Amino acid sequence: MIGLTRPTVANRMPARGTWMSLLAGVMLGALLMLVGLAQAGRLAPSRPEVLVALAQTLEVEHQRVDLLLAQKDIAGAIAALERLRGTEWPDRAVAGEAAEQLRHDVYGRLLRLRLDHPKVDPRTPDQLAVIASEGLGDDYKTLGTNAFTARLVALRGEVSELRGDDEAALLAYDEALTMNRGLLQQALTGAAP
Amino acid sequence: MSLATSITGCAKRSAESSASPAMDMAPGDELAVLEQQLTQREAQLQAAGYRPAPRERVSRDGAESKPVAPIPAVDEPSPMAGATSTAPAPPASKQMEDANEGGRCRQVCEITTAICELEGQICGLVPRHPEDPRYQAACSRAADDCRFATEACNACT
């Protein structure tokens, strides 16, 4: 029996070790995946109430901008959107990707107005480039494809053209085109944008 | 529909939040109502631990009342559309299907507009760089994209 037991135990020890390693590997993999997803903002926001509060604030502010534009008060609309630049924007881990898309929406609207009305509260092309970079943030490329980011990237291309940097403009336009191509595919296949 | 609207649409809204400025209000009154709402929203944001943008009065050119267009409505198909029609209404599921299809087509055509605008911008760079084949190549790609998207939009609508 001993002779039988020992080999059995001896055989089970490496097996247990293998299972432990496998389990540890699986757990590590799952953990890394969760961290990766959380960093990418693909998980639900950790504080959805922040996203809702932010979205509600911006919804009212967009309505106000609509009203100012209807009154032909371009300066007022630009000032309202400029003011939003001072908002403390929650990061992706807290409010999810949608919070960044909301920021891209606001900055896109601001840049569009500034480009269309260069004589109202004028900004130099370099200052416009700062607005574009500030709006996009450092890791916009890791966001899921969406129309707001695509628009802001395209606007960055326009700003690059204004600065006389056609090389950067081409890159930005091409990047925006790639995003829109992805959006079109999603729309055609019925996938969520 | 803006992203902010779609997000807030999902959230349970208090009675005051759903109250929109009356369409027959003077523009100044509408702005006052919106600013009041904004103050409330910013207080919520602050309560959630985030600093809203610093408050300052927005400078306005000419404060006198002018005729003003109503606040643009969210461009969603109205559930009441066709309600007065005498024709028998199609089943709700069919209506929903049509609405979804309409929304999808609108989306496809909006993306098409963006793609074709980009084509114009990219191809607009070509004359300034006749010696650089990358500009022409990018322009050709963009033109193909615009053509494909336009066909998709036309086929959809």
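Remember, predicted model here, so these are calculated numbers, not experimental data. The chains referred to below are lettered A, B, ... by the order of the sequence lines, with proteins before strands, and numbering in each begins at 1.
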task = Output, in order, the C-alpha distance, side-chain angles, deciding distance and verdict of salt bridge (charged side-chain N to carboxylate O under 4.0 Å, His left out) for Glu42(B) and Arg83(A).
result = CA-CA 13 Å; Glu42(B) 288 181 338; Arg83(A) 198 182 67 84; 3.0 Å; yes
Report task. Report yes if the side chains of Leu31(B) and Gln71(A) come closer than 4.5 Å at any heavy-atom pair, otherwise no. Result -> yes
Interface check, chain B: of Ile78(A), Asp174(A), Leu54(A), Leu184(A), most non-hydrogen pairs under 4.5 Å belong to Leu184(A)
### Message
Side chains of Glu119(B) and Tyr173(A), heavy atoms from C-beta outward: is any pair under 4.5 Å?
### Response
no
Pair count under 4.5 Å, heavy atoms only, with chain B: among Ala53(A), Ala147(A), Gly86(A), highest is Gly86(A)
Ordered numerically, the heavy-atom neighbours of chain A under 4.5 Å found in residues 124-132 of chain B are Leu125(B), Arg128(B), His129(B)
When the 4.5 angstrom heavy-atom criterion is applied to Glu82(A) and chain B, the contacting part is neither
When every non-hydrogen atom of Tyr50(B) is compared with those of Arg47(A), the smallest separation belongs to CE1-NH1, 4.1 Å
Electrostatic pair Arg151(A):Glu117(B) at N-O distance under 4.0 angstrom
no
Between the CG atom in Leu38(B) and the CD atom in Gln63(A), the distance rounded to the nearest 0.5 Å is 10.5 Å
Hits for side chain to side chain donor-acceptor pair (under 3.5 Å) against Thr57(A), two or more places apart or cross-chain, chain-then-number order -> none
CD of Glu61(A) to CZ of Arg41(B), rounded to nearest 0.5 Å, is 13.0 Å
Cut-off 4.5 Å, heavy atoms of chain B, and the answer for Val106(A) is neither
Val60(A) and Leu34(B) have their tightest heavy-atom pair at CG1-O, 3.3 Å
Could you tell me if the side chain of Ile111(B) sits less than 4.5 Å from the side chain of Arg181(A), heavy atoms only?
no
Residue set satisfying side chain to side chain donor-acceptor pair (under 3.5 Å) with Glu134(A), at least two apart, ordered chain then number -> Arg85(A), Tyr107(A)
Contacts of Asp144(B) meeting side chain to side chain donor-acceptor pair (under 3.5 Å) (sequence neighbours excluded), chain-then-number -> Arg147(B)
So CD of Gln37(B) and CD of Gln56(A): to nearest 0.5 Å the spacing works out to 10.0 Å
What one should report as the nearest heavy-atom pair of Gln121(B) and Glu161(A) is O-OE2, 4.5 Å
Chain B shares the most heavy-atom pairs under 4.5 Å, among Leu170(A), Asp166(A), Asn180(A), with Asp166(A)
Does one hydrophobic cluster hold both Leu171(A) and Leu143(A), with members joined at side-chain heavy-atom distances below 4.5 Å? no
Would you indicate whether Asp116(A), at its atom CG, is surrounded by more than 12 heavy atoms from other residues, nucleotides or ligands within a distance under 6.0 Å?
yes
Honestly, the part of Ala176(A) sitting under 4.5 Å from a heavy atom of chain B is both
